[in-house]
2 protein chains.
Amino acid sequence: MEGVRRRDREGTRQRILDAARGLFAELGYDHVTMRLIAAEAGANIALINRYFGSKRELFAEVLAMQGRFPGVLDGPREELPRRLAEYVAERFRSDWASPVMTALNRSSASPEIHGIIRDRVNSAIMEPLAALLPGEDAQLRAAVATALITGTGTLRQLFTPEELGSPSHDAVVARLTRIFEVCLEV
Amino acid sequence: MEGVRRRDREGTRQRILDAARGLFAELGYDHVTMRLIAAEAGANIALINRYFGSKRELFAEVLAMQGRFPGVLDGPREELPRRLAEYVAERFRSDWASPVMTALNRSSASPEIHGIIRDRVNSAIMEPLAALLPGEDAQLRAAVATALITGTGTLRQLFTPEELGSPSHDAVVARLTRIFEVCLEV
DNA sequence: TGACGAAGTAAACACGCGTCTACTAACTTG
DNA sequence: CAAGTTAGTAGACGCGTGTTTACTTCGTCA
């Protein structure tokens, strides 16, 4: 029987994973240090590499926590532009965003993990999005929509909503919905 | 009279600036080292800080080389969506892009230069773009367009044109023109 | 109870970073 | 030609990085 385990392999592993997810999202791959992750997780630094192999592999595992673009791609096809717009608009006004998405955004310049990022953007967003689109150049349209999503994240990290003119949530959603419609239509 | 000057303050300064511009565009702020810049410029590393003060100040000077979003914002207002589309489409298919724009893109996650990046994006793109737009929420529309521009850069750095479905240049321009129209219209 | 495996720890490793200092050598000026 | 100014150089400084090693401590099972 396992009671309160002071030595808890799985628990420690999970705490490291959670800490890493939050920090990668906040700071990006380069600016997160092993010691920072260890401190945040309340674990010893050597355990990170024991459980995950390396910083790079830990990052890959963090990204693997999330499957497809969460909750946005699923639902009726005709409301897809609206759902995308809602997602982006929400990121516009609040600080919250999917940690995995944010981590992707802030880490895309690190050559060390270029392949990981690429595969993840492709399998979690671009590919499933393109699969939803009819017509010839579905890949192009999915790519443009993806660019708008990631670009919004980058911009939002640079400016506060006030600096962007404090637009009303409804105005942002309306504008973005029309844009995504033009993005996605044949 | 100045003949062949082996000691050439201005020339060396310029070579450092050129090397830095290219490297910052290619690798982003974090992954460019002082030693790399010095080697590329054929100059001694100590001269960089003598002429520019610090890596951070050198980066600021590189960004300051470029004024407004070059050649795109100037011209007839009704063709602005088209010009933006041409710019983005060109970046889609070829590796070329404005070094300064690329440097902005690849360095946006470095907290050390966050303010520099922010000011530059604002003064070179977002603000002049918003000034061209009539209507209430010009700032929002300029921001969305900016997000699309930067997002395209990020995506293009992750994928080759082939991986994006090798769309024809005309198809990309046509699609993007319509998107920018919806972005920018009242 | 005692031995063994595994969770956790502390410290060091080698290396790369931005920066700075002490110095050499080239050009200018009197 | 001699003195002074300054471009250019070599090398070290302190620090932070990811990673690894040697060790201690806990929990379990024969």
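Convention: sequence-line order gives letters A, B, ...; per-chain numbering from 1. Owing to the predicted nature of the structure, the values given are computational and were not obtained by experimental measurement.
Salt-bridge formation is not detected for the pair R83(B)/D74(B): no Lys NZ or Arg NE/NH1/NH2 atom is positioned less than 4.0 Å from an Asp or Glu carboxylate oxygen. Salt-bridge formation is not detected for the pair E10(B)/R15(B): no Lys NZ or Arg NE/NH1/NH2 atom is positioned less than 4.0 Å from an Asp or Glu carboxylate oxygen.
Comparing dT9(C), dA10(D), dA12(D) by their closest approach to the side chain of R35(B) singles out dA12(D).
Between the CG atom of N49(A) and the P atom of dA7(C) there is a distance of 16 Å, given to the nearest Å. Between the NE2 atom of H31(A) and the P atom of dT17(D) there is a distance of 11 Å, rounded to whole Å. Distance CG (D8(A)) to P (dG27(D)): 11 Å, rounded to an integer number of Å. Taking atom CZ of residue R9(B) and atom C1' of nucleotide dT28(C), one finds them 16 Å apart after rounding to whole Å. Rounded to an integer number of Å, the gap from M34(A) CE to dT20(D) P is 9 Å. Atom C1' of nucleotide dA10(D) and atom CD1 of I45(B) are separated by 11 Å, given to the nearest angstrom. Spacing between atom CD1 of I48(B) and atom P of dT9(D) amounts to 12 Å, rounded to whole angstrom units. Here the P atom of nucleotide dA7(C) and the CD1 atom of I16(A) are 12 Å apart, to the nearest Å.
Heavy-atom neighbours of E163(A) CD from other residues, nucleotides or ligands within 6.0 Å: above the threshold of 12.
Both L80(B) and V144(B) belong to a single network of hydrophobic side chains, linked directly or stepwise wherever heavy atoms of I, L, V, M, F, W or Y lie under 4.5 Å apart.
For the pair A43(B) and N44(A), both in contact range of DNA chain D, the more 5′-proximal nearest nucleotide belongs to A43(B). Nearest-nucleotide positions on DNA chain C for R50(B) and K55(B) put K55(B) closer to the 5' end.
Between Y87(B) and F69(B), a ring centre-to-centre spacing shorter than 6.0 Å is recorded.
For the pair S54(A) and dG18(D), the criterion of a side-chain N or O lying under 4.0 Å from OP1 or OP2 is not met. Contact annotation: T33(B) side-chain N/O to dG16(C) OP1/OP2 distance is not under 4.0 Å.
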Quiz prompt | Stepwise salt bridge (charged side-chain N to carboxylate O under 4.0 Å, His left out) check, D18(B) with R21(B) | solution = CA-CA 5 Å; D18(B) 291 345; R21(B) 186 185 47 193; 3.6 Å; yes
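Distance check, rounded to the nearest 0.5 Å: CG of L47(A) to CE of M34(A) gives 10.5 Å.
Comparing the end axes of the helix from dT1(C)-dA30(D) to dG30(C)-dC1(D), each fitted to five base pairs by superposing C1' atoms of four pairs onto the next four, gives an inter-axis angle of 20° (nearest 10 degrees).
No hydrogens or angles were tested; on distance alone, a donor-acceptor pair under 3.5 Å links the side chain of R7(A) to the base of dA6(C).
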